[in-house]
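The structure presented is a predicted model; accordingly, all values stated were derived computationally and were not measured. Note that ligands are numbered from 1 as they come in the structure, with each ligand's atoms numbered from 1 the same way.
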Amino acid sequence: MIVFLVLPRVKRGKTMLQKRLLLQENYDKIINQFENAVRKYPMSQTQEQIKRRRTFAIISHPDAGKTTLTEKLLLYGGAIQLAGSVKGKATARHAVSDWMELEKQRGISITSSVMQFEYEGYCINILDTPGHQDFSEDTYRTLMAADSAVMVIDAAKGIEPQTRKLFKICAMRHIPIFTFINKLDREARSPYDLMEELENEFGIGTYPMNWPIGCGQDFKGVYDREKREILAFTEFHRGQNRIKAVECTLEDGDKLDELIGAKLRAVLTDDIELLDGAGYEFDIDEVRAGRLSPVFFGSALNNFGVEPFLESFLRMTMPPLPRISGDEIIDPFDERFSAFVFKIQANMNKAHRDRIAFMRICSGKFVREKEYFHVQGGKALRLAQPQQLMAQERAVIDEAYAGDIIGVFDPGIFSIGDTICEKGMDARFEGIPTFAPEHFAGVERVDTMKRKQFEKGIMQIAQEGAIQIFHEPFTGVEEVIVGVVGVLQFEVLEYRLKTEYGVDIRRRPMPYEVVRWVDNDDLDIRSLNLTSDTKWVQDFRGNNLLLFTSEWCVNWALQKNEGLVLREFNRE
Ligand code: G4P
């Protein structure tokens, strides 16, 4: 099958960035055409495989129930036998990502992992986004590999800080976001309140797919708005894998009274009347463009509402989406293999000091031992020991398809964002943005003799994307300023410099909390009017950045310096 996509006319003379923006602006149209094309054409075996792929990330603030929901999803796919085996504190989850010594010592998972399972003909890839103190830039990068996101929200707490940060990245990519409001079996905020919060804070529409009937002690179940039936939550059903819906329309008064009681029936009838009469219309195109989030209420712990959620989710999401490469769109159904590196994990095997590059396949089929082309390195290569994570196990694989994530040994040749593809394809995927670090420290070596090892080590670790490094221009100060998204990365840096490069470091915490890239080309930074605690630094590519101690100082800089343009992430 060849899918012909009518691309927007990109005029000659436009810069790469302008072309890219034009493509992004028209992305909705491209997706629509793409979807029609997918429906119309007969498919090859490879394309049938691609069509059944769904690749998504689960995002949440710690403790909202991401792990519990993931575990239940895996149960449906038969990927795990026992509830509890994905749990962070239990052993099984560590088996997934227990690669770094430090990880074992701390008993936490530093890296994001991927889990694949089958469900009713679909092949599902779940990307885990680490939270707690192991929150890092990797968490953000993982979202670059997903085609949609499931946002888990604690019904008592609503939107929390980490959800906010992760949502921003999803919104930047316009990927569809599905909301699962969890823990309805506990006291919860009003569902109207929660939806209003989502709309106001995130600027998206919401559409409740189901509606909760009571909460906490009084939680009776949910009303499915499409099927117009009630999924009852009873003691009897608690903890069971599959809960059968009790068919019962709102008109069936006696049965309803029996199921949920007269008081809740009155509330439910009013609520549904209100929802049907007002609010957003459901529009699948709006969902796919990331402007409307379907909302589901449930309780992951009790496995309540998880399967209906999974079923609707699979129906609404699309196979792997087209990706932008230069001023072209790469069709995922193109039979030729292409992929990009979104994460590099170092030192998984201590004996070999090796690295694993994680790639998201964007098009076609990957075949083990076949020769591919590393675009940025300009070289042909065979990918060694390609691995895939199937729930808890890492397995060497012979083939994989667009939408899948594979890990390959990296002898130190790959960088984040690199493209690997079929020879002659010449794909070059959009770079992965550099996300603003939130913690900073001045770092110097203890032993002044170890300058070379220190510089090599810190540079390599920065190139892998685990940390960002900056220096103060024109000051002659040797201290390297290290910025990280999650504080644990400082420990990772210290540990790796010591074990891999034999360098001990001294770390001096810095008070900066906000960093911004300066987007003005010809501006003398020294002429800017800034608060005295603002620091000017450059990254290793020579880009200018400002480090601020608070958002207030950012606003001051913008107010006092007309024309100053500051960006939250860097696209190069
Ligand atoms: P996270 O990955 O987002 O950090 O959250 P996780 O699934 O680990 O869940 C955090 C806590 O919330 C866990 O309790 C979990 O059992 C509980 N939880 C998850 N979903 C629900 C739900 O639907 N209802 C209720 N009542 N609780 C839920 P914990 O006590 O921290 O851990 P554990 O001792 O249960 O393992």
Should His61 be listed as contacting ligand 1, given a heavy-atom distance under 4.0 Å as the test?
yes
Ligand-residue contact atoms, ligand 1 with [X], heavy atoms, under 4.0 Å:
X: Thr67; result: 1 (P), 2 (O), 7 (O), 8 (O)
X: Leu301; result: 16 (O), 20 (N), 21 (C), 22 (C), 23 (O), 24 (N), 25 (C), 27 (N), 28 (C)
X: Asp63; result: 1 (P), 3 (O), 4 (O), 5 (O), 10 (C), 12 (O)
X: Ala300; result: 23 (O)
X: Ser299; result: 22 (C), 23 (O), 24 (N)
X: Thr68; result: 6 (P), 7 (O), 9 (O), 15 (C), 19 (C)
X: Ser60; result: 3 (O)

Quick check against the 3.5 Å criterion: does Thr499 have a side-chain atom that pairs as donor or acceptor with the backbone of Tyr495?
yes
Any sub-3.5 Å donor-acceptor pair from Arg53's side-chain atoms to Gln49's backbone N or O?
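Yes, the answer is positive, given that a donor and an acceptor are paired below the 3.5 Å cut-off.
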Residues two or more places apart in sequence or in another chain: which of them pass salt bridge (charged side-chain N to carboxylate O under 4.0 Å, His left out) with Glu438?
Lys165
Please state whether the rings of Phe435 and Tyr140 are parallel, tilted or perpendicular, taking 30° and 60° as the class boundaries.
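Rings of Phe435 and Tyr140: tilted, 30 to 60°.
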Using a plain distance cutoff, I'd like to know if Pro62 has any nitrogen or oxygen under 3.5 Å from a nitrogen or oxygen of ligand 1.
no
Is Glu258 atom CD crowded by more than 12 heavy atoms from other residues, nucleotides or ligands, each under 6.0 Å away?
no
Sequence neighbours left out, what pairs pass salt bridge (charged side-chain N to carboxylate O under 4.0 Å, His left out) with at least one residue falling in residues 146-158?
Asp147-Arg323, Asp147-Arg360, Asp154-Lys183
